[in-house]
Amino acid sequence: MDFRMDLVPARRKQVISGLMQLYLYDFTLFQNLDVNQDGVFPDYPGLDDYWKRGSGKYPFLMTNGNIPAGFALVDRLVDPEEGDFYMTEFFVMQKYRRSGMGSWAARELFDRFQGRWKVTQVKTNAPAQAFWRKVIGTYTDQQFEEKISPIHGHISQYFTSQKMNSIN
């Protein structure tokens with residue numbers, strides 16, 4: 001596989017918008033989401049903010065070769081108690097799941113954005129919880145903290161990224 005991950009320029013944001021429809025479809029297993037009368041999910045709130053200069057928001061496209069395969073939305077957090085970075089959304093198309101792409105992409109993002117991370121999963125999304133526990137556990141040698149939101153019951157992992165295998 002020829003995995004790549006690049007920031008998406010504003011002129012290509014329709015790629016993320018299109019993949020977001022697939023992501024929201026997958027999410028219907030875990031959240032009460034419906035399409036509109038035209039068979040389309042509503043626009044993702046605040047997606048355009050990812051292309052505003054200085055917003056602290058980073059849209060990434062995952063590709064296999066030149067073919068779009070997923071995306072990640074990373075936010076710089078403003079609350080120092082929560083961390084430095086938040087994995088706002090993370091999606092790998094079903095075709096590429098269990099290929100190593102998701103694990104590779106997550107590690108790549110953790111390495112690119114050095115600091116304290118927060119990654120959250122919806123309380124009903126057991127596959128995502130298992131994925132993130134495995135990826136973060138491997139990345140940090142199990143050095144992460146997990147908290148359950150008292151309001152919604154969502155699960156979050158907190159950890160610090162650092163290049164574990166860098167050559168000095």
Check against salt bridge (Lys or Arg N to Asp or Glu O under 4.0 Å), Arg12 and Asp6: CA-CA 11 Å; Arg12 298 242 4 212; Asp6 298 295; over 6 Å; no

Tell me, with the steps shown, if Ser55 and Asp49 meet side chain to side chain donor-acceptor pair (under 3.5 Å). CA-CA 7 Å; Ser55 68; Asp49 293 345; over 6 Å; no

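Aromatic pair Tyr23/Phe71: centroids less than 6.0 angstrom apart. Residues Tyr58 and Phe113 bring their aromatic ring centres within 6.0 Å.
A donor-acceptor pair is defined here as one N or O able to donate and one able to accept, closer than 3.5 Å; such a pair exists between the side chain of Asn36 and the backbone of Gly39. Remark: side-chain polar atoms of Trp51 are not paired, donor with acceptor, to backbone N or O of Leu47 under 3.5 angstrom. Between the Thr28 side chain and the Tyr25 main chain, a donor and an acceptor come within less than 3.5 Å of each other.
Salt bridge status for Asp2 with Arg4: absent, with no side-chain N to carboxylate O gap under 4.0 Å. A salt bridge links Arg116 to Asp84: at least one charged side-chain nitrogen sits closer than 4.0 Å to a carboxylate oxygen.
Between Phe85 and Trp117, the angle of the ring planes lies from 30° to 60°, which puts this pair in the tilted group. Between Phe110 and Phe159, the ring planes are perpendicular. Angles over 60° get that label, and only those under 30° would be called parallel.
In this structure Tyr86 satisfies the ring pair (Phe, Tyr, Trp, His ring centres under 6.0 Å) test with no other residue, sequence neighbours excluded.
If you run side-chain contact (heavy atoms from CB on, under 4.5 Å) between Gln157 and each of Lys147, Glu146, Lys118, Glu145, only Glu146 comes through.
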